[in-house]
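Chain letters run A, B, ... following the sequence lines, proteins first and then strands; every chain starts at 1. No hydrogens, no waters, no symmetry mates; every other heavy atom, side chains included, goes into these values. Keep in mind that what you see is a predicted model, and the values were worked out from it rather than measured.
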There are 2 protein chains.
Amino acid sequence: MPEPPPTPNARMICKLDSIFPLSEEERQVLEHLPVLVKRLKADQEIVSLGERPQQCCLVLEGLTCVYKLSYAGRRQIMALHVPGDMPDLHSLHLAVMDISIASVSSCTVGFIQHEDLRRVCERFPRLTAAFWRETLVDASIYREWLLNVGQRDAYTRLAHLMCELYTRLSAVGLTDERTFELPITQDELADTLGISAVHVSRTLQALRGDGLIETARKRVTVPSWSKLQEAGEFDPLYLHLQGRHAA
Amino acid sequence: MPEPPPTPNARMICKLDSIFPLSEEERQVLEHLPVLVKRLKADQEIVSLGERPQQCCLVLEGLTCVYKLSYAGRRQIMALHVPGDMPDLHSLHLAVMDISIASVSSCTVGFIQHEDLRRVCERFPRLTAAFWRETLVDASIYREWLLNVGQRDAYTRLAHLMCELYTRLSAVGLTDERTFELPITQDELADTLGISAVHVSRTLQALRGDGLIETARKRVTVPSWSKLQEAGEFDPLYLHLQGRHAA
DNA sequence: CGCGCAGTTGACGTATGTCAAGACAGGTGG
DNA sequence: CCACCTGTCTTGACATACGTCAACTGCGCG
């Protein structure tokens, strides 16, 4: 649905608006929020555990991840964020970061000051609700990932993740027919799914062998959506892509 | 810190207040929110996947869980809630339930109408922030559980859960020196940790054998907090029990 | 053209799952 | 107060999905 963004904030506004229709005034206010745009290479830290940021991050291009390390040094990626997402919106009300955020691919991100966000939320309570809702959808995704990691085998888990990414990228207009860019390594997929990189490799081969996905240099194509969806036990309900009043 | 609650809402108010100091007026308003109190036996469904509730649930006594089923019928418990928690606060902004909620032990819960909550949030924007914050802490716990289930072995995972429950119960005054009630079966622990019930049994024995916990009829005692904490790689940061301005 | 990272492959190890039988305990009825 | 009964927990034998290690391949980038 959305066009390439003319201003940095457009991505965010478009996403908010799609499920929570904004008034012209609200849209204007958001449009004029000051944003500091930054380009990043792959694997750069954006915010770190323990910090007390004064700003929120907004993904404009590329892929970012939220992660944490166990004491044994194993990394769990607990979220992947696509353009339009705000990976650390929660820092608005949680003083200290309990996670780290990094770029996965090279990407461009924007930073919006907490005080600016707070100001617009005060003036427009509906925007508070819209941002709050965004953090609730994030939480819903964490829940689904817990189900994924806790109860599904590697094959189903990977299929599920592919379905989710396809769906979320689709929602922001970043899929092309039946394919999408997935600028991520198998190592990162492993940390996301809680399995080893070797096993990711084998599992991807299994999915390819079963004709559920095709991969060619960081690009995934889905020959049959319904088959992949079934293999991944994917029900998009938890993404809450319909607004409050939709079926 | 809190005394046994004189009114149903006291638990919630006390919890909100402890990290987000409320004014007398705000406290009064919350105090007078109408609550429908219900007693439940163990294993009763409170809200179900797919529903569109018009109210939020507030745990007053006992333990409740948030869960989801995989297509294979395996259950993942993605959250446990103790008195003072509101397991489905997110339903305020997410129309349809993406999870189910059930009692774990026999317990008593309160129900507060969405419209009542929305009304107080409108009149007292600071309360909006306080409730929003609650949902953000829930999300933070989901993240930690993802790390737990995705990267830690069963032994560490269980120790971690024990640490978390001890800490959270402590925060609402429900621990007694070094012990706490844990009215949960090993089956439910298994579904929480993403391991089998048999393995929970063995892992509990290992923890007991190492002197990290003692168990006697649904009551857990922690002989050495620092040892258990180390075994569970537990850092309470993610629980955000300090307010915005604490160290 | 070659360097280096990402991906692949095979052999082998292990944490955890499954099944099924048995022990225990807490609540209920006589 | 005892006896039973059901749900919970325990135990052992065995199965398996996935991890680890290490060598090899291949592709994209300079």
Polar pairs (N or O, both sides) under 3.5 Å between protein and nucleotides 5-11 of chain D?
from: D:dC9; atom 1: OP1; to: B:K218; atom 2: NZ; distance (Å): 3.3
from: D:dC9; atom 1: OP2; to: B:Q186; atom 2: N; distance (Å): 2.7
from: D:dT10; atom 1: OP1; to: B:R208; atom 2: NH2; distance (Å): 3.0
from: D:dT10; atom 1: OP2; to: B:Q186; atom 2: OE1; distance (Å): 3.2
from: D:dT10; atom 1: OP2; to: B:Q186; atom 2: NE2; distance (Å): 2.7
from: D:dT10; atom 1: OP2; to: B:S201; atom 2: OG; distance (Å): 2.7
from: D:dT10; atom 1: O5'; to: B:S201; atom 2: OG; distance (Å): 3.4
from: D:dT11; atom 1: OP2; to: B:Q205; atom 2: OE1; distance (Å): 2.3
from: D:dT11; atom 1: OP2; to: B:Q205; atom 2: NE2; distance (Å): 3.1

* Please determine if B:E61 and B:R11 form a salt bridge, counting it only when a charged side-chain N lies under 4.0 Å from a carboxylate O. => no

* Note, A:R168 side chain near A:H81 side chain (heavy atom, < 4.5 Å) -> yes

* Asked: What about the rings of B:Y166 and B:W225, do their centers lie closer together than 6.0 Å?
  -> yes

* Do B:T108 and B:R39 have side-chain N/O donor and acceptor atoms under 3.5 Å apart? -> no

* Asked: With respect to the side chain of B:S196, which nucleotide from D:dT20, C:dT18, D:dC18 is positioned closest?
  -> C:dT18

* What is the distance from CG of B:N148 to P of C:dT16, rounded to the nearest Å? -> 12 Å

* To do: Measure from CZ on A:R219 to P on D:dC27 and round the result to the nearest Å.
  => 19 Å

* Structure fact -> Nearest heavy-atom contact between B:Y238 and B:E164 is OH-OE1, 2.6 Å

* **Salt-bridge criterion met for B:R152 and B:E144 (N-O under 4.0 Å)** => yes

* Between A:R152 and D:dC18, is there a side-chain N or O to OP1/OP2 distance below 4.0 Å? -> no

* Tell me: CG of B:L189 to P of C:dT16, nearest whole Å? -> 15 Å

* Asked: Atom NE2 of A:H199 to atom C1' of C:dC12: distance rounded to whole Å?
  -> 15 Å

* Structure fact -> Separation of C:dG7 atom P from A:L158 atom CG, nearest Å, is 12 Å

* Rounding to a whole Å, what distance do you find between A:D153:CG and C:dT18:P? -> 11 Å

